[in-house]
There are 2 protein chains.
Amino acid sequence: MVRKTKEEAEQTRKEIIHAARRVFHECGVSHSTLEKIAKAAGVTRGAVYWHFQDKAELFFAMREDVFAPMVERTDAYLLSERFENPLDAIEASITEFFRVLEDSAVVREVFEIMISRCEYVGEFTSVEEEIGRPAYDFLAKIERVYRQAADKGMLRPGIDPMDAARDTWAFTSGLLHLLLSCQRGSDLSQKVSAMISVHMAMRRIPSV
Amino acid sequence: MVRKTKEEAEQTRKEIIHAARRVFHECGVSHSTLEKIAKAAGVTRGAVYWHFQDKAELFFAMREDVFAPMVERTDAYLLSERFENPLDAIEASITEFFRVLEDSAVVREVFEIMISRCEYVGEFTSVEEEIGRPAYDFLAKIERVYRQAADKGMLRPGIDPMDAARDTWAFTSGLLHLLLSCQRGSDLSQKVSAMISVHMAMRRIPSV
DNA sequence: TTATTTACATACATTCATGAATGTTTATAA
DNA sequence: TTATAAACATTCATGAATGTATGTAAATAA
């Protein structure tokens, strides 16, 4: 049983990607041999080389499966018009991001691989840029939304929209890193939602 | 000339550590062979194996040289009594951290290695914990200082000290990561100081 | 002065991972 | 129906990288 139908081939391709994720997560990218990945997927290296040129291409495929949908989901909240207060859009967007991260083990594994199980040198320097771009995009987007909030008079007076955006930007990045790389039996994940609320509350109009 | 005096031996030990830092930074930890490091240090692998058991031990030695002094310096500000406003101590401490990071190429290289050029698996999982511990220590420390500020009536009303501490914690972590792993010709490093001021200003008593 | 370490360099054996080449079966197109 | 090519498995050659073992000259202790 060698020659498979197209659907079967596509299936083994996906299984190779899933196996790669598991092995990357366990061994780190550079200590993950294609042999290990193949074995984990129940195939041989021949199959891996058939579907992917090398480890880097496999890595990108794994990443793409998860990254793009994530940006799309969070943008949906961020750019939605259904919030009368733009600050609610920002809060909902960030909350959604961490909710997906909490709920989906696959997403969490991929982010953990990218953050603490991959060395960004050589052919992987581009990956760092690909991670950096969405980060800067995020900054630009929330800055626009903060500006809308300011225009509507819903941003606490004395706070500049750009300043607020940069602060939220760093906060979000830090929360992500602390969550994925410094988890020592801490209950941080339970506090994420509250931390986001507190963060946003500091730039809302005081209720009293 | 083979047998060296003790001081000379100590010197080559240091040169090996410096070479390791350069090679780690350029190639990533797992793609750094002891051969490369030895050549960069102007010695052979024999010398490296004489001074260090393996690559991991060399990595730890490199890290220790930079990490401990850094914590000491920032703690000096954080725990100093010479600030009448505890919020100034926090701001000075964080500012000092990023100032050292900006000024010292060695420190920056080591942090860059730890953040984006090392895979935290296998024998390096412990490194992740060693990075996580100072992070949690920092959280505990600034929470205490925020509490002092609240007791002195210098924390903006409505803000809980623990909440403020966690927000600052995430902010600092995020700023560090953004600074070291997403630098694409951006002028972020110039804005660090201002970002810290803005961040702290949001929890100070409004002047008006 | 001599014996013994020290502080390395050199050489070697072994393991691993890669990439390419080749083999093999079967779906599919003509 | 047959030729072709897809979807792999198997084998092989090669090149690191590691750890260890051994060689060696000078510093140092006795």
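Here is the naming used below: chain letters follow the sequence lines, and residue numbers restart at 1 for every chain. From a predicted model like this one, the values you see are computed outputs, not experimental measurements.
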Which nucleotide in the list C:dC8, D:dA7, D:dA9 gets nearest to the side chain of A:K6? D:dA7
Going by atom types only, do A:R21 and A:H18 share a side-chain donor-acceptor pair under 3.5 Å? yes
Short side-chain N/O contact from B:Y49 to OP1 or OP2 of C:dC8, under 4.0 Å: no
Nearest whole Å is fine: how far is C:dC8 P from B:R13 CZ? 12 Å
Residue-phosphate contact under 4.0 Å: B:T12 side-chain N/O, C:dA7 OP1/OP2: no
Whole angstroms only, please: what is the CG-C1' distance between B:D54 and D:dT20? 14 Å
Can you measure A:E8 atom CD to D:dC8 atom P for me and round it to whole angstrom units? 8 Å
With distance as the sole test, does B:E8 use its side chain to make a donor-acceptor pair with the main-chain N or O of B:T5 at under 3.5 Å? yes
Tell me the interatomic distance from B:I16, atom CD1, to C:dA7, atom P, rounded to whole angstroms. 12 Å
Just checking, any donor-acceptor pair under 3.5 angstrom between side chains of A:R203 and A:T168? yes
Contact string for nucleotides 10-16 of chain D, one letter per nucleotide 5' to 3', B = base within protein heavy-atom range under 4.0 Å, S = sugar-phosphate only, - = neither, reads B------
In whole angstrom, what separates A:K4's NZ from D:dA6's P? 16 Å
Salt-bridged, B:D137 to B:K141, with N to O below 4.0 Å? no
Rounded to whole angstrom units, what separation is found between the CD atom of B:E10 and the P atom of C:dT6? 15 Å
Should we count CD of A:E15 as having more than 12 external heavy atoms under 6.0 Å? yes
Distance only, no hydrogens: is a donor on one side chain within 3.5 Å (strictly under) of an acceptor on the other, for B:S116 and A:E119? no
Where the side chain of A:H51 is defined as all heavy atoms beyond and including C-beta, which of D:dT28, C:dC8, D:dC8 is the nearest nucleotide? D:dC8
Distance check: side-chain N/O of A:T5 vs OP1/OP2 of C:dT28, anything under 4.0 Å? yes
Report the distance from atom CD of B:E35 to atom P of C:dA9, rounded to the nearest whole Å. 11 Å
Residue B:E35 excluded, over 12 heavy atoms near CD under 6.0 Å: yes
Without decimals, in angstroms, what is the distance between B:W50 CH2 and D:dA27 C1'? 13 Å
